[in-house]
Amino acid sequence: MKKTGAQIIMESLIQEGVEVMFGFPGGYILPFYDTLPQYPQLRHILVRHEQGAAHAADGYARATGKVGVCVATSGPGATNLVTGIANAYMDSVPVVAFTGQATRAFIGKDAFQEIDISGITLPITKHSYVAMDTATLARTVKEAFYIARTGRPGPVLIDLPRDVQLDQAEFSYPDRVNLPGYKIPTKGHPTQLKNAAKLINEAQQPLIIAGRGVVISGAFEELKQLAETAQIPVITTLLGIGCFPENHVLSYGMAGMHGSGYANKALDNTDLLIAIGMRFDDRVTGKISAFAPHAKIVHIDLDPAEIGKNVPVHVPIVGDVKAVLQAMQKMIESTQHIDWIKRLEGWRKQHPMTEIRDHSGLLPQYIIRQLYEATGGEAVVVTGVGQHQMWTAQHYLFHEPHTFISSGGLGTMGFGLPAAMGAKVGRPDKTVWCVDGDGSIQMTIQELATLVQDKIAVKIAVINNGYLGMVRQWQELFYERRYIATPISCPDFVRIAEAYCIAGRRVTQREEVRPAIEQAMAHDGPFLIDFKVEPEENVFPMVPPGAAVGEFIEFPKKEVSTWPRRSTP
Amino acid sequence: MATTKHTIVALVEDKPGVLNRVASLFRRRGFNIESIAVGHSEVAHLSRMTIIVNGTTATVEQVRKQLDKLIDVVRVSDITGENITVRELALIKVKAGSATRSEIIEIADIFRGNIVDVASDSLTVEITGDEDKIESMLKLLRGFGIKEIARTGRVAMVRGAIGAPAPEEKVARSHTKK
Ligand SMILES: Cc1ncc(C[n+]2csc(CCOP(=O)(O)OP(=O)(O)O)c2C)c(N)n1
């Protein structure tokens with residue numbers, strides 16, 4: 001029996017195991033929407049801005065490991081997705097985005113709301129389609145999901161002209177894809193595996209740095225086994241957080257610009273760096289010529305283009321992290337690195353991260369600590385971008401993968417609330433906290449309405465410092481405290497929440513922090529806490545831009561103001 | 001590090017937008033295309049691109065790997081170091097009067113070029129060869145006054161029975177540090 005293009009898409013989505021999509025309708029995507037009621041198993045969540053739809057799909061994908069789906073109409077609907085698509089691309093998140101498009105005959109004619117969205121998103125998608133034929137739609141959807149999910153994941157866009165959604169064709173869902181140009185490396189080269197194992201077995205001061213690739217590949221057990229067998233300390237990148245339990249004795253936290261002092265010291269001293277599923281981003285390497293100066297580097301990554309891109313390596317291994325670590329297991333000897341671990345413990349004492357100084361005001365670090373204790377480290381925590389993001393990374397200990405969700409590569413303010421929404425939809429069993437900045441949340445605050453309409457019980461902690469804090473910190477340290485365009489006013493967040501029918505409360509004192517968190521979690525439904533924190537608190541340690549990671553600066557501020565001025569964020 | 005000219009051959013799916021994807025990638029990554037020639041290959045539905053890029057070995061290796069990641073790119077290889085045949089075709093319209101016409105024809109003959117169009121005040125020469133050959137001929141023709149040039153950019157092929165190496169073989173030759 002023939003089906004319409006829109007029906008074919010719905011049938012295909014069901015075949016792909018899709019349960020939910022985030023979207024916003026409009027003229028050229030109407031046939032798609034009109035078909036939705038025929039498929040009650042597909043839940044549609046109406047966002048308030050398409051950027052929210054893309055971030056929600058992204059948050060959903062990161063929290064579940066499944067493909068997130070977002071939908072928008074043509075023209076402005078499609079362009080509103082762009083930031084969200086770019087965000088997913090930079091952090092390798094599997095998302096499929098559907099956009100409406102003008103009728104085929106109108107394409108290229110500057111028709112109403114006709115925009116070249118596949119052209120606009122060319123450099124920020126893993127692949128894209130303009131579906132010009134209803135008969136091949138099923139194959140297109142199949143390929144899109146396959147490409148988004150496999151290999152190094154990423155966003156795929158399908159542009160749907162209105163008449164392609166309406167035309168009819170036979171539906172049969174292909175069981176295989178035929179993509180001769182799409183290669184997925186698997187196991188890694190045997191010789192290189194041997195070389196890596198030899199280096200690991202011989203190293204005196206080995207160090208593992210793990211990134212999001214470990215999360216994507218699901219290699220938690222394999223990573224733990226490698227670390228424990230050879231007694232190798234583990235540090236992570238920002239997006240690697242959670243891939244190794246942060247309460248494990250071998251965990252030394254996050255490295256890089258706002259990484260722990262001991263993680264960065266370890267990088268500075270290691271003789272063998274085993275980089276797993278990470279890409280040597282400048283925020284983690286600092287000054288590249290001074291990065292891990294004494295180390296040989298083993299780099300395991302699925303994407304061959306990442307090998308040798310930023311840092312030259314001794315042993316390149318192209319393959320799926322999980323498969324590679326499994327293949328290496330038998331070659332790794334059980335060893336101890338007592339002296340090396342002792343040195344690391346020394347640095348941990350010298351540069352403690354977990355201690356929060358005594359202070360009469362409300363410190364953001366204290367709030368994050370309390371959040372950690374109140375949730376037992378079991379919540380999914382989604383952040384905006386800025387100081388609050390770094391404090392969350394530093395002071396909440398993540399025990400499990402998929403529980404720390406943050407915009408790393410693009411650093412997108414406004415990601416927090418919609419991504420938390422997507423995460424909660426994907427993991428209704430989990431407590432989901434959105435830790436947001438007073439600046440960040442104002443970029444996508446309209447999604448509070450979505451939380452209410454679709455009953456999504458996200459708990460929100462606004463770390464309200466009255467500044468675009470991270471930029472203010474740079475102005476304080478490198479621009480002689482010229483706070484230009486960083487003091488930011490905000491509405492009364494508690495009353496805003498109330499206006500959206502969301503419960504909330506304001507916290508100004510230390511003593512209220514824990515009770516407020518408990519109240520939010522006991523509350524049935526979304527809840528917002530407005531934490532009025534110390535306005536000029538800074539994130540430390542900090543590796544100044546252009547410095548080597550070992551040259552981090554620490555509290556107090558006095559030491560800091562002498563640092564020479566450097567470039568902008 | 002020294003930059004040199006590299007010859008990259010890519011087999012790509014014959015789909016709308018492929019050239020755009022390739023060009024966009026070069027622009028986005030800051031790689032410079034010196035020339036690009038596209039046409040059908042020996043396989044149906046696959047086109048062959050010959051791309052000339054200027055860069056260090058490391059940059060060009062990045063180009064190759066990034067190209068290889070495009071879904072529509074089936075195979076890419078840097079055949080610079082191989083034993084290859086390289087050809088380019090040029091059409092050159094030269095000013096020619098009764099006094100100079102025979103001299104120009106003579107030059108074309110030496111280079112085994114063809115005269116493909118004759119007008120009262122010009123001659124159009126067609127020449128095929130590697131870049132050096134075309135440059136040498138142009139040098140000689142410049143004195144007569146050149147009205148128009150059209151060049152295809154290079155196409156290249158590995159000599160003998162073996163084709164362009166498969167991408168997997170190249171991956172293994174990765175970098176070593178310091
Ligand atoms: C969309 C966007 N615009 C600008 C920036 C630059 N930026 C990075 S952090 C930051 C300040 C964030 O302020 P806020 O959300 O209040 O968080 P805080 O740093 O105060 O915790 C800015 C403006 C960005 N990352 N994203």
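Only a predicted model underlies this, so the values are computations on that prediction, with no experimental measurement involved. In what follows, chains carry the letters A, B, and so on, assigned in the order in which the sequence lines appear, proteins first and then strands, with residues in each chain numbered from 1.
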Should we count [atom1] of [X] as having more than 12 external heavy atoms under 6.0 Å?
X	atom1	result
B:Lys147	NZ	yes
B:Phe26	CZ	yes
A:Ile115	CD1	no
A:Glu202	CD	yes
A:Asp110	CG	no
A:Lys198	NZ	no
B:Arg151	CZ	yes

Contact origin within B:Arg21 toward chain A - heavy atom pairs under 4.5 Å = both

task = Would you mind checking which part of B:Leu46 comes under 4.5 Å of any heavy atom in chain A, side chain (CB onward), backbone (N, CA, C, O), both or neither?
result = neither

ask   = Is the shortest heavy-atom distance from the side chain of A:Lys183 to the side chain of B:Lys69 under 4.5 Å?
value = no

query = Which residues from residues 92-104 of chain A are near chain B, with near meaning under 4.5 Å between non-hydrogen atoms?
reply = none

key: Neighbourhood of chain B inside residues 124-138 of chain A, taking heavy atoms under 4.5 Å as contact   = A:Lys126, A:His127, A:Ser128

request  = Tell me, with the steps shown, if B:Lys65 and A:Ile307 meet side chain to side chain contact (heavy atoms under 4.5 Å, CB included).
outcome  = CA-CA 10 Å; B:Lys65 286 169 166 180; A:Ile307 308 271; 4.1 Å; yes

